[in-house]
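Reading through the structure tokens given below for one structure.
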There are 2 protein chains.
Amino acid sequence: MTSTDLKKAGLKATMPRLRVFQILEENHKRHMSAEDVYKALIDSGEDVGLATVYRVLTQFEAAGLIARHHFGDGHSVFELDHGGHHDHILCVKCGRVDEFIDETIEQRQREIARNAGYEMTDHALYIYGICNSCRNK
Amino acid sequence: MTSTDLKKAGLKATMPRLRVFQILEENHKRHMSAEDVYKALIDSGEDVGLATVYRVLTQFEAAGLIARHHFGDGHSVFELDHGGHHDHILCVKCGRVDEFIDETIEQRQREIARNAGYEMTDHALYIYGICNSCRNK
DNA sequence: ATCAAAATGAGAATCTTTTTCATCTGAGTT
DNA sequence: AACTCAGATGAAAAAGATTCTCATTTTGAT
Ligand SMILES: [Mn+2]
Ligand SMILES: [Mn+2]
Ligand SMILES: [Zn+2]
Ligand SMILES: [Zn+2]
């Protein structure tokens, strides 16, 4: 992420924007909440406001730089849009998150949308379960 | 829904519980938020607290009487568990909601969970798009 | 009718996210 | 390098959904 990339997205290259993007790149966690990003920023000695983190994440999402997900625990999580679309499988015990993409499902979804008269814009699929390690203890 | 049904679920047969269930049965909207249910109750002349509506809906969910969904606009919606599991397709313009069930997808999900080492407990699939009538105007 | 346990209503509290607003900064212009 | 100002920021307040607290009421069994 460079100043030029931000300008391309119509955003000024400001310190908070560069740093938020860096934090996501550093991959502390693959999926980070706004609070996670904020804390990482503070820990790194940066002086940003939480409101700015929310604003910047929303702008990055609008610009297609990151994806937002709702894992079901009441807050949004974000991840760099590396590798494009995929879905998630979550452990309800330990919070572990795995990713997958299934072309059969992707295609059926398109068909279902078409049959229902919709022009599909997006979709979200979450599988919840108990992961291997949680099951064996 | 009778007092007996509630007792079977380990819940005392109270007025708020009976009335909340009735509201859902009356099918004002197929998918109602806690606030929706609360307003319907007030309109019907009942004197209940919003906190009680939230409590009762959560208890009904735990008892398997109703299902809770997260359509993505920041609040939970509930529906009677008639007909069992199904998924949803939503219009991002007008809020219209359609329902569907696809055995191919259901089966692929089970396989994905198994391959990832998870014992699946639940899943949620939301397709977002623009409905026919919103597209033609 | 009596009584303990469970449930309720009102309002406070919590949690996440957004808004407001005075101040500051990025990046063209002189 | 100084000048300008639209756009960006931080702090705090506000908003919106949901949960918690607690004094009071109701239920269901005796
Ligand atoms: Mn992911
Ligand atoms: Mn439904
Ligand atoms: Zn686990
Ligand atoms: Zn529509």
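Reckoned from all heavy atoms, side chains included, excluding hydrogens, waters and symmetry mates. The chains referred to below are lettered A, B, ... by the order of the sequence lines, with proteins before strands, and numbering in each begins at 1.
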Nearest nucleotide by nearest heavy atom, which residue falls closer to the 5' end of DNA chain D, B/Ala13 or B/Ala34?
B/Ala34

Rounded to the Å, how far apart are A/Leu50 CG and D/dA15 P?
18 Å

Which of the following nucleotides, C/dA27, C/dT17, D/dA17, is nearest to the side chain of B/His75?
D/dA17

Rounded distance (Å) that lies between atom C1' of C/dC15 and atom CG of A/Asp73
12 Å

Ion pair check, A/Lys7 and A/Asp5, cut-off under 4.0 Å
no

Indicate whether OP1 or OP2 belonging to D/dG10 is found under 4.0 Å from a side-chain N or O atom of A/Thr52.
yes

Measure OH/B/Tyr54 against C1'/D/dT21 and give the value in whole Å, please.
18 Å

Indicate, with yes or no, if the rings of A/His31 and A/Phe78 have centres closer together than 6.0 Å.
no

B/Leu6 atom CG is separated from D/dG28 atom C1', nearest whole Å, by 14 Å

What is the distance from CG of A/Asp47 to P of D/dA8, rounded to the nearest Å?
19 Å

Please confirm whether the shortest side-chain N or O distance from A/Thr14 to OP1 or OP2 of D/dG7 is below 4.0 Å.
no

Looking at the side chain of B/Lys12, which of C/dT16, C/dA5, C/dG26 is the nearest nucleotide?
C/dA5

Does B/Glu119 pair with B/Arg114 as a salt bridge, N-O distance under 4.0 Å?
no

How would you label the contact of A/Arg17 with the nucleic acid (heavy atoms, under 4.0 Å): base, sugar-phosphate, or nothing?
sugar-phosphate

Rounded distance in Å - CZ (A/Phe78) to P (C/dT16)
13 Å

Select from B/Arg55 and A/Val56 the residue whose nearest nucleotide in DNA chain D is closer to the 5' end of that strand.
A/Val56

How long is the line joining CD of B/Gln59 and C1' of C/dA6, in whole Å?
10 Å

Closest-nucleotide ordering on DNA chain C, the 5'-leading residue of B/Gly49 and A/Leu11:
B/Gly49

Proximity to the side chain of B/Ser76 - top-ranked nucleotide from C/dA27, C/dT17, D/dT18:
D/dT18

Could you state the atom-to-atom distance from NZ of B/Lys7 to C1' of D/dT26 in whole Å?
14 Å

Using the ring centroid of each side chain, check whether A/Tyr126 and B/His123 are separated by less than 6.0 Å.
no

Measure up the A/His88 and A/His86 rings against each other and bin them: parallel (under 30°), tilted (30 to 60°), perpendicular (over 60°).
perpendicular

